[in-house]
Colleague: 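I have a structure I would like to understand better, so I am pasting it below and will then ask my questions one at a time.
Read the numbers this way: they start at 1 and go in the same order the structure lists the ligands and their atoms.
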Amino acid sequence: MDAEWQHQHIENHDDFLGLTVNSGIEQPESFSSESVTRFLSRKRKALLSVDEYVRGILEGNITVLSQAVTLVESSKKEHQIIAQDIILKCLPYSGKSLRIGITGVPGVGKSTFIEAFGKFLTNQGRRLAVLAIDPSSERSRGSILGDKTRMEELAADPHAYIRPSPSAGSLGGVARKTRETVILCEAAGFDTVFIETVGVGQSETVVHSMVDFFLLLMLAGAGDELQGIKRGIMEMADVIAINKADGDNIHKAELARVQYKNAMHLFPTADSGWTPQVFTCSAYAKTGLEQVWSAINDYTKLTGDNGYFRYKRSEQARFWMFETINDRLKSDFYLNPVIKAALPDFEEKVQREEISPFSAATQLLENYYHL
Ligand code: GDP
(Lines give C-alpha, C1' and ligand atoms only; values in the text may rest on other atoms or scores of the structure.)
Protein backbone atom coordinates (compact mmCIF):
# COMPACT_ATOMS: atom_id res chain seq x y z
CA MET A 1 0.00 0.00 0.00
CA ASP A 2 2.77 2.41 1.03
CA ALA A 3 4.55 2.22 -2.29
CA GLU A 4 1.31 2.46 -4.21
CA TRP A 5 -0.09 5.58 -2.55
CA GLN A 6 3.20 7.38 -3.10
CA HIS A 7 2.63 6.99 -6.82
CA GLN A 8 -0.91 8.21 -6.52
CA HIS A 9 -2.04 10.78 -3.99
CA ILE A 10 -0.94 11.47 -0.47
CA GLU A 11 -4.60 12.01 0.38
CA ASN A 12 -5.30 8.31 -0.16
CA HIS A 13 -2.90 7.09 2.52
CA ASP A 14 -4.61 5.24 5.38
CA ASP A 15 -3.38 7.83 7.90
CA PHE A 16 -4.78 10.76 5.99
CA LEU A 17 -7.85 12.24 7.69
CA GLY A 18 -9.24 14.37 4.88
CA LEU A 19 -11.06 13.49 1.69
CA THR A 20 -9.70 10.80 -0.61
CA VAL A 21 -9.01 11.35 -4.27
CA ASN A 22 -10.47 9.13 -6.94
CA SER A 23 -8.12 7.87 -9.56
CA GLY A 24 -8.59 9.62 -12.86
CA ILE A 25 -9.84 8.12 -16.09
CA GLU A 26 -7.86 7.82 -19.24
CA GLN A 27 -8.10 10.71 -21.65
CA PRO A 28 -10.30 9.96 -24.65
CA GLU A 29 -8.23 10.03 -27.80
CA SER A 30 -9.96 12.90 -29.47
CA PHE A 31 -8.93 15.08 -26.53
CA SER A 32 -5.25 15.24 -27.35
CA SER A 33 -3.23 17.75 -25.38
CA GLU A 34 -2.64 19.61 -28.62
CA SER A 35 -6.33 20.13 -29.29
CA VAL A 36 -6.84 21.30 -25.71
CA THR A 37 -4.01 23.81 -26.03
CA ARG A 38 -5.42 25.03 -29.31
CA PHE A 39 -8.88 25.32 -27.78
CA LEU A 40 -7.61 27.22 -24.76
CA SER A 41 -5.51 29.61 -26.78
CA ARG A 42 -8.55 30.38 -28.87
CA LYS A 43 -10.76 30.83 -25.82
CA ARG A 44 -8.41 32.85 -23.72
CA LYS A 45 -7.78 35.83 -25.86
CA ALA A 46 -4.93 37.79 -24.41
CA LEU A 47 -5.97 41.13 -22.97
CA LEU A 48 -4.52 44.19 -24.61
CA SER A 49 -2.92 46.91 -22.53
CA VAL A 50 -5.15 49.81 -21.49
CA ASP A 51 -3.35 52.10 -23.96
CA GLU A 52 -3.87 49.60 -26.77
CA TYR A 53 -7.59 49.48 -26.04
CA VAL A 54 -7.81 53.27 -25.90
CA ARG A 55 -5.84 53.67 -29.14
CA GLY A 56 -8.02 51.09 -30.90
CA ILE A 57 -11.20 52.78 -29.70
CA LEU A 58 -10.03 56.25 -30.73
CA GLU A 59 -9.15 54.86 -34.16
CA GLY A 60 -12.73 53.60 -34.44
CA ASN A 61 -11.67 49.94 -34.43
CA ILE A 62 -14.96 48.11 -33.78
CA THR A 63 -13.30 44.84 -32.74
CA VAL A 64 -11.31 46.60 -30.03
CA LEU A 65 -14.38 48.61 -29.01
CA SER A 66 -16.37 45.38 -28.62
CA GLN A 67 -13.62 43.79 -26.54
CA ALA A 68 -13.51 46.85 -24.29
CA VAL A 69 -17.31 46.76 -23.89
CA THR A 70 -17.02 43.11 -22.88
CA LEU A 71 -14.61 44.19 -20.13
CA VAL A 72 -17.07 46.88 -19.01
CA GLU A 73 -19.78 44.23 -18.81
CA SER A 74 -17.61 41.69 -17.01
CA SER A 75 -18.11 41.24 -13.30
CA LYS A 76 -14.52 40.04 -12.79
CA LYS A 77 -12.55 42.44 -10.65
CA GLU A 78 -9.45 42.39 -12.89
CA HIS A 79 -11.61 43.22 -15.92
CA GLN A 80 -13.36 46.00 -14.05
CA ILE A 81 -10.04 47.61 -13.12
CA ILE A 82 -8.93 47.68 -16.78
CA ALA A 83 -12.39 48.81 -17.91
CA GLN A 84 -12.44 51.74 -15.50
CA ASP A 85 -9.02 52.81 -16.70
CA ILE A 86 -10.13 52.65 -20.34
CA ILE A 87 -13.26 54.68 -19.56
CA LEU A 88 -11.24 57.30 -17.72
CA LYS A 89 -8.90 57.70 -20.68
CA CYS A 90 -11.79 57.82 -23.17
CA LEU A 91 -13.77 60.36 -21.16
CA PRO A 92 -12.08 63.45 -22.68
CA TYR A 93 -13.11 62.22 -26.15
CA SER A 94 -16.70 61.47 -25.18
CA GLY A 95 -19.86 63.52 -24.83
CA LYS A 96 -20.15 64.69 -28.40
CA SER A 97 -22.94 62.41 -29.54
CA LEU A 98 -26.66 62.88 -29.51
CA ARG A 99 -28.09 60.32 -27.10
CA ILE A 100 -31.60 59.20 -27.93
CA GLY A 101 -33.72 56.87 -25.80
CA ILE A 102 -36.29 54.75 -27.63
CA THR A 103 -38.98 52.87 -25.80
CA GLY A 104 -42.32 51.18 -26.41
CA VAL A 105 -44.06 47.94 -25.50
CA PRO A 106 -42.96 44.66 -27.13
CA GLY A 107 -44.45 44.45 -30.61
CA VAL A 108 -44.78 48.21 -31.13
CA GLY A 109 -42.05 47.95 -33.75
CA LYS A 110 -38.91 49.14 -31.96
CA SER A 111 -36.44 47.00 -33.88
CA THR A 112 -38.14 47.67 -37.20
CA PHE A 113 -38.22 51.40 -36.46
CA ILE A 114 -34.61 51.49 -35.28
CA GLU A 115 -33.51 49.71 -38.41
CA ALA A 116 -35.42 52.13 -40.68
CA PHE A 117 -34.51 55.24 -38.70
CA GLY A 118 -30.94 54.05 -38.26
CA LYS A 119 -30.49 53.53 -42.01
CA PHE A 120 -32.07 56.95 -42.59
CA LEU A 121 -29.38 58.47 -40.36
CA THR A 122 -26.38 56.50 -41.62
CA ASN A 123 -27.43 57.45 -45.18
CA GLN A 124 -26.96 61.03 -44.07
CA GLY A 125 -23.43 60.20 -43.00
CA ARG A 126 -24.07 59.80 -39.29
CA ARG A 127 -22.39 57.07 -37.31
CA LEU A 128 -24.83 55.23 -35.09
CA ALA A 129 -24.40 53.02 -32.02
CA VAL A 130 -27.45 51.07 -30.89
CA LEU A 131 -27.37 49.90 -27.27
CA ALA A 132 -30.10 48.31 -25.23
CA ILE A 133 -31.24 47.90 -21.66
CA ASP A 134 -33.32 44.81 -21.36
CA PRO A 135 -34.66 44.16 -17.87
CA SER A 136 -36.03 40.75 -18.85
CA SER A 137 -32.63 39.24 -19.46
CA GLU A 138 -31.60 39.75 -15.86
CA ARG A 139 -34.47 37.75 -14.45
CA SER A 140 -35.10 35.01 -16.92
CA ARG A 141 -31.87 35.01 -18.91
CA GLY A 142 -34.18 35.23 -21.89
CA SER A 143 -34.40 38.61 -23.48
CA ILE A 144 -37.23 40.54 -25.07
CA LEU A 145 -34.87 42.63 -27.11
CA GLY A 146 -32.11 40.30 -28.11
CA ASP A 147 -33.29 36.84 -29.00
CA LYS A 148 -34.68 37.39 -32.47
CA THR A 149 -32.67 38.21 -35.53
CA ARG A 150 -32.99 41.91 -35.40
CA MET A 151 -31.92 44.79 -37.55
CA GLU A 152 -30.09 42.68 -40.09
CA GLU A 153 -29.57 45.52 -42.52
CA LEU A 154 -28.33 47.90 -39.87
CA ALA A 155 -26.08 45.21 -38.40
CA ALA A 156 -24.35 44.93 -41.78
CA ASP A 157 -23.94 48.72 -42.07
CA PRO A 158 -20.31 49.76 -41.52
CA HIS A 159 -21.55 53.04 -40.00
CA ALA A 160 -23.61 51.29 -37.34
CA TYR A 161 -22.63 49.34 -34.25
CA ILE A 162 -25.27 47.25 -32.48
CA ARG A 163 -24.65 45.91 -29.01
CA PRO A 164 -27.28 43.88 -27.15
CA SER A 165 -28.14 44.56 -23.54
CA PRO A 166 -25.69 43.54 -20.82
CA SER A 167 -27.44 40.77 -18.99
CA ALA A 168 -25.96 40.28 -15.55
CA GLY A 169 -26.90 42.10 -12.39
CA SER A 170 -29.51 44.51 -11.15
CA LEU A 171 -31.25 47.01 -13.41
CA GLY A 172 -29.02 49.71 -11.91
CA GLY A 173 -25.92 47.65 -12.63
CA VAL A 174 -26.99 46.87 -16.19
CA ALA A 175 -27.82 50.52 -16.79
CA ARG A 176 -24.46 51.69 -15.43
CA LYS A 177 -22.67 49.37 -17.84
CA THR A 178 -24.69 50.80 -20.73
CA ARG A 179 -23.92 54.34 -19.52
CA GLU A 180 -20.21 53.48 -19.57
CA THR A 181 -20.53 51.86 -22.99
CA VAL A 182 -21.94 55.14 -24.32
CA ILE A 183 -18.65 56.82 -23.35
CA LEU A 184 -16.62 54.24 -25.27
CA CYS A 185 -18.88 54.47 -28.34
CA GLU A 186 -18.58 58.25 -28.37
CA ALA A 187 -14.79 58.03 -28.10
CA ALA A 188 -14.92 55.62 -31.06
CA GLY A 189 -16.54 58.38 -33.12
CA PHE A 190 -20.23 57.49 -33.02
CA ASP A 191 -22.15 60.77 -33.19
CA THR A 192 -25.58 59.26 -32.53
CA VAL A 193 -26.41 56.75 -29.81
CA PHE A 194 -29.74 54.98 -29.50
CA ILE A 195 -30.57 53.35 -26.21
CA GLU A 196 -33.49 51.03 -26.62
CA THR A 197 -35.59 49.61 -23.84
CA VAL A 198 -38.92 47.92 -23.34
CA GLY A 199 -41.55 50.29 -22.03
CA VAL A 200 -43.07 48.12 -19.39
CA GLY A 201 -41.27 48.78 -16.16
CA GLN A 202 -38.55 50.75 -14.49
CA SER A 203 -36.01 50.59 -17.26
CA GLU A 204 -37.32 53.58 -19.20
CA THR A 205 -36.78 55.83 -16.19
CA VAL A 206 -33.20 54.67 -16.07
CA VAL A 207 -32.79 55.24 -19.82
CA HIS A 208 -34.31 58.69 -19.44
CA SER A 209 -31.52 59.45 -16.99
CA MET A 210 -28.83 58.88 -19.61
CA VAL A 211 -30.24 60.33 -22.82
CA ASP A 212 -30.72 63.81 -24.25
CA PHE A 213 -33.94 62.99 -26.02
CA PHE A 214 -36.65 60.48 -25.31
CA LEU A 215 -38.78 58.92 -28.06
CA LEU A 216 -41.84 56.88 -27.20
CA LEU A 217 -43.31 54.57 -29.82
CA MET A 218 -46.98 53.79 -29.53
CA LEU A 219 -49.73 52.06 -31.45
CA ALA A 220 -53.07 53.36 -32.56
CA GLY A 221 -56.25 51.79 -31.33
CA ALA A 222 -54.88 50.35 -28.13
CA GLY A 223 -55.76 52.05 -24.87
CA ASP A 224 -52.93 53.19 -22.64
CA GLU A 225 -53.71 50.34 -20.26
CA LEU A 226 -53.43 47.90 -23.13
CA GLN A 227 -50.07 49.28 -24.10
CA GLY A 228 -48.95 49.16 -20.51
CA ILE A 229 -47.65 52.69 -20.83
CA LYS A 230 -47.86 54.65 -17.66
CA ARG A 231 -48.62 58.33 -17.57
CA GLY A 232 -45.16 58.94 -16.15
CA ILE A 233 -43.55 57.52 -19.26
CA MET A 234 -45.65 59.72 -21.51
CA GLU A 235 -44.56 62.68 -19.44
CA MET A 236 -40.92 61.80 -20.11
CA ALA A 237 -41.42 61.67 -23.88
CA ASP A 238 -40.10 64.49 -26.06
CA VAL A 239 -41.73 62.92 -29.10
CA ILE A 240 -44.44 60.30 -29.31
CA ALA A 241 -44.52 58.47 -32.62
CA ILE A 242 -47.59 56.40 -33.43
CA ASN A 243 -46.04 53.54 -35.40
CA LYS A 244 -47.56 51.26 -38.04
CA ALA A 245 -49.37 54.17 -39.71
CA ASP A 246 -49.67 52.27 -42.97
CA GLY A 247 -52.34 50.39 -44.93
CA ASP A 248 -55.73 50.32 -43.22
CA ASN A 249 -54.18 51.71 -40.09
CA ILE A 250 -53.40 55.21 -41.40
CA HIS A 251 -56.72 56.75 -40.35
CA LYS A 252 -56.67 55.17 -36.89
CA ALA A 253 -53.11 56.36 -36.38
CA GLU A 254 -54.06 59.91 -37.30
CA LEU A 255 -56.94 59.84 -34.80
CA ALA A 256 -54.61 58.55 -32.11
CA ARG A 257 -52.14 61.32 -32.94
CA VAL A 258 -54.76 64.00 -32.27
CA GLN A 259 -55.83 62.29 -29.04
CA TYR A 260 -52.30 62.03 -27.73
CA LYS A 261 -51.53 65.58 -28.77
CA ASN A 262 -54.48 66.80 -26.72
CA ALA A 263 -53.51 64.59 -23.79
CA MET A 264 -49.97 65.97 -23.84
CA HIS A 265 -51.31 69.49 -23.43
CA LEU A 266 -52.59 68.52 -20.01
CA PHE A 267 -49.10 67.80 -18.75
CA PRO A 268 -47.19 70.57 -17.02
CA THR A 269 -44.70 72.48 -19.17
CA ALA A 270 -41.35 70.72 -19.25
CA ASP A 271 -38.24 72.33 -17.71
CA SER A 272 -36.62 72.14 -21.12
CA GLY A 273 -39.10 74.65 -22.53
CA TRP A 274 -39.88 72.08 -25.23
CA THR A 275 -43.44 71.21 -26.17
CA PRO A 276 -43.61 67.45 -26.80
CA GLN A 277 -44.64 66.55 -30.34
CA VAL A 278 -46.79 63.71 -31.60
CA PHE A 279 -46.35 62.21 -35.07
CA THR A 280 -47.44 59.16 -36.97
CA CYS A 281 -44.85 57.00 -38.65
CA SER A 282 -44.41 53.69 -40.35
CA ALA A 283 -41.24 51.73 -39.94
CA TYR A 284 -42.41 49.59 -42.88
CA ALA A 285 -43.23 52.39 -45.29
CA LYS A 286 -40.39 54.51 -43.87
CA THR A 287 -42.70 57.48 -43.43
CA GLY A 288 -42.56 60.00 -40.62
CA LEU A 289 -38.83 59.43 -40.08
CA GLU A 290 -37.90 62.86 -41.38
CA GLN A 291 -40.42 64.52 -39.07
CA VAL A 292 -39.04 62.70 -36.06
CA TRP A 293 -35.48 63.64 -37.00
CA SER A 294 -36.37 67.24 -37.59
CA ALA A 295 -38.09 67.39 -34.17
CA ILE A 296 -34.94 65.98 -32.58
CA ASN A 297 -32.92 68.71 -34.27
CA ASP A 298 -35.36 71.41 -33.16
CA TYR A 299 -35.14 70.09 -29.61
CA THR A 300 -31.35 70.08 -29.68
CA LYS A 301 -31.27 73.63 -31.03
CA LEU A 302 -33.78 74.92 -28.46
CA THR A 303 -32.16 73.26 -25.46
CA GLY A 304 -28.68 74.12 -26.74
CA ASP A 305 -29.67 77.79 -26.88
CA ASN A 306 -31.46 77.92 -23.53
CA GLY A 307 -28.76 75.93 -21.71
CA TYR A 308 -31.01 73.02 -20.78
CA PHE A 309 -29.02 70.49 -22.82
CA ARG A 310 -25.83 71.07 -20.79
CA TYR A 311 -27.76 71.39 -17.54
CA LYS A 312 -29.48 68.03 -18.08
CA ARG A 313 -26.18 66.30 -18.86
CA SER A 314 -24.53 67.68 -15.73
CA GLU A 315 -27.50 66.60 -13.64
CA GLN A 316 -27.31 63.16 -15.21
CA ALA A 317 -23.59 62.92 -14.40
CA ARG A 318 -24.36 63.77 -10.76
CA PHE A 319 -27.19 61.25 -10.70
CA TRP A 320 -24.89 58.52 -12.01
CA MET A 321 -22.27 59.26 -9.39
CA PHE A 322 -24.84 58.65 -6.66
CA GLU A 323 -26.30 55.64 -8.46
CA THR A 324 -22.87 54.07 -8.64
CA ILE A 325 -22.19 54.76 -4.97
CA ASN A 326 -25.58 53.29 -4.00
CA ASP A 327 -25.02 50.26 -6.18
CA ARG A 328 -21.55 49.65 -4.76
CA LEU A 329 -22.59 50.13 -1.12
CA LYS A 330 -25.45 47.73 -1.57
CA SER A 331 -23.47 45.00 -3.31
CA ASP A 332 -20.52 45.36 -0.88
CA PHE A 333 -22.93 44.90 2.02
CA TYR A 334 -24.89 41.97 0.64
CA LEU A 335 -21.86 40.16 -0.74
CA ASN A 336 -19.93 40.48 2.51
CA PRO A 337 -19.42 36.92 3.85
CA VAL A 338 -20.17 37.90 7.48
CA ILE A 339 -23.41 39.62 6.49
CA LYS A 340 -24.32 36.80 4.12
CA ALA A 341 -23.93 34.30 6.97
CA ALA A 342 -25.86 36.39 9.50
CA LEU A 343 -28.74 37.44 7.26
CA PRO A 344 -30.92 34.25 7.22
CA ASP A 345 -31.00 34.15 11.01
CA PHE A 346 -32.06 37.81 11.22
CA GLU A 347 -34.67 37.25 8.51
CA GLU A 348 -36.21 34.41 10.48
CA LYS A 349 -36.23 36.36 13.73
CA VAL A 350 -37.90 39.30 12.01
CA GLN A 351 -40.52 37.04 10.50
CA ARG A 352 -41.17 35.39 13.87
CA GLU A 353 -41.44 38.90 15.35
CA GLU A 354 -38.68 38.19 17.85
CA ILE A 355 -36.91 41.30 16.74
CA SER A 356 -38.17 44.40 14.93
CA PRO A 357 -37.14 44.93 11.30
CA PHE A 358 -35.49 48.23 12.25
CA SER A 359 -33.46 46.78 15.04
CA ALA A 360 -32.41 43.85 12.81
CA ALA A 361 -31.31 46.27 10.09
CA THR A 362 -29.44 48.42 12.60
CA GLN A 363 -27.62 45.44 14.10
CA LEU A 364 -26.63 44.11 10.69
CA LEU A 365 -25.40 47.51 9.56
CA GLU A 366 -23.51 48.03 12.83
CA ASN A 367 -21.89 44.63 12.34
CA TYR A 368 -20.91 45.62 8.82
CA TYR A 369 -19.45 49.00 9.75
CA HIS A 370 -17.39 47.49 12.56
CA LEU A 371 -15.93 44.69 10.50
P1 GDP B 1 -40.45 45.31 -31.02
O2 GDP B 1 -40.85 44.12 -30.21
O3 GDP B 1 -40.97 46.57 -30.44
O4 GDP B 1 -38.98 45.37 -31.32
O5 GDP B 1 -41.22 45.17 -32.43
P6 GDP B 1 -40.73 44.58 -33.83
O7 GDP B 1 -39.88 45.57 -34.54
O8 GDP B 1 -40.17 43.22 -33.62
O9 GDP B 1 -42.12 44.51 -34.60
C10 GDP B 1 -43.22 43.76 -34.13
C11 GDP B 1 -44.11 43.38 -35.31
O12 GDP B 1 -44.68 44.55 -35.89
C13 GDP B 1 -43.35 42.68 -36.41
O14 GDP B 1 -44.16 41.66 -36.93
C15 GDP B 1 -43.11 43.77 -37.42
O16 GDP B 1 -43.00 43.26 -38.72
C17 GDP B 1 -44.36 44.63 -37.27
N18 GDP B 1 -44.08 46.06 -37.60
C19 GDP B 1 -43.05 46.81 -37.18
N20 GDP B 1 -43.11 48.05 -37.69
C21 GDP B 1 -44.23 48.10 -38.47
C22 GDP B 1 -44.84 49.11 -39.28
O23 GDP B 1 -44.37 50.24 -39.41
N24 GDP B 1 -46.01 48.76 -39.90
C25 GDP B 1 -46.57 47.54 -39.78
N26 GDP B 1 -47.70 47.30 -40.43
N27 GDP B 1 -46.03 46.55 -39.04
C28 GDP B 1 -44.86 46.81 -38.41
Colleague: What are the atoms of ligand 1, with element, lying closer than 4.0 Å to any heavy atom of Val105?
Modeller: 3 (O)

Colleague: Does any N/O atom on Cys281 come nearer than 3.5 Å to any N/O atom on ligand 1?
Modeller: no

Colleague: Applying side chain to side chain contact (heavy atoms under 4.5 Å, CB included), run through Ile162 and Leu154 and close with a yes or a no.
Modeller: CA-CA 8 Å; Ile162 301 177; Leu154 199 59; 4.0 Å; yes

Colleague: So for ligand 1, is Glu196 a polar contact partner (N or O within less than 3.5 Å, distance only)?
Modeller: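 No: no nitrogen or oxygen of Glu196 is under 3.5 Å from one in ligand 1.
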
Colleague: Could you walk me through whether Tyr93 and Ile183 satisfy the side chain to side chain contact (heavy atoms under 4.5 Å, CB included) test, starting with their C-alpha distance in whole Å, then the side-chain angles of each, then the deciding distance to 0.1 Å, before giving a yes or no?
Modeller: CA-CA 8 Å; Tyr93 305 94; Ile183 295 170; over 6 Å; no

Colleague: Considering only residues two or more places apart or on different chains, which pairs with a residue in residues 261-280 satisfy side-chain hydrogen bond (donor to acceptor under 3.5 Å, both in side chains)?
Modeller: none

Colleague: Can you name the salt bridge (Lys or Arg N to Asp or Glu O under 4.0 Å) partners of Arg318, sequence neighbours left out?
Modeller: Glu315

Colleague: Is the contact between Asn243 and ligand 1 made by the side chain, the backbone, both, or neither, using heavy atoms and a 4.0 Å cut-off?
Modeller: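 Under 4.0 Å from ligand 1, Asn243 contributes side-chain atoms alone.
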
Colleague: Would you call Leu217 a ligand 1 contact, heavy-atom distance under 4.0 Å?
Modeller: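 It does not, in that no heavy atom of Leu217 comes within the 4.0 Å cut-off of ligand 1.
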
Colleague: At less than 4.0 angstrom from any non-hydrogen atom of Pro106, what atoms of ligand 1 do you find?
Modeller: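 Matching atoms, with element in brackets: 2 (O).
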
Colleague: Under a 4.0 Å N-O cut-off, is there an ion pair linking Glu180 with Lys177?
Modeller: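 No, this pair does not count.
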
Colleague: If the cut-off is 4.0 Å to any non-hydrogen atom of Thr112, which atoms of ligand 1 fall inside it?
Modeller: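 Counting from 1, the qualifying ligand atoms are 6 (P), 7 (O), 9 (O), 15 (C), 19 (C), 20 (N).
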
Colleague: Would Gly104 count as a contact residue for ligand 1, given that I'm defining contact as a non-hydrogen atom of the residue lying under 4.0 Å from a ligand atom?
Modeller: no

Colleague: I'd like to check which ligand 1 atoms, numbered from 1 as shown, lie under 4.0 Å from a non-hydrogen atom of Val108.
Modeller: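 So the atoms of ligand 1 that pass are 3 (O).
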
Colleague: Could you tell me how the ring of Tyr308 sits relative to the ring of Tyr311: parallel (under 30°), tilted (30 to 60°) or perpendicular (over 60°)?
Modeller: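 If you compare the ring of Tyr308 with that of Tyr311, the planes turn out tilted.
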
Colleague: State plainly whether the residues Arg313 and Asp212 are in salt-bridge range, i.e. N to O under 4.0 Å.
Modeller: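 Yes, this pair counts.
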
Colleague: What I want to know is whether Phe113 and ligand 1 share at least one N or O pair that is separated by under 3.5 angstrom.
Modeller: no

Colleague: Give the atoms of ligand 1, by number and element, whose distance to some non-hydrogen atom of Asp246 is under 4.0 Å.
Modeller: 22 (C), 23 (O), 24 (N), 25 (C), 26 (N)

Colleague: Going by the order shown, which atoms of ligand 1 are within less than 4.0 Å of some heavy atom of Ala283?
Modeller: 20 (N), 22 (C), 23 (O)

Colleague: Would Asp51 and Arg55 pass as an ion pair if we require N to O under 4.0 Å?
Modeller: no

Colleague: Considering only heavy atoms, which of Met151, Lys110, Lys244, Glu115 lies nearest to atom 21 (C) of ligand 1?
Modeller: Lys244

Colleague: For the residue pair Leu47 and Tyr53, what are the closest heavy atoms and their distance?
Modeller: CD2-OH, 3.5 Å

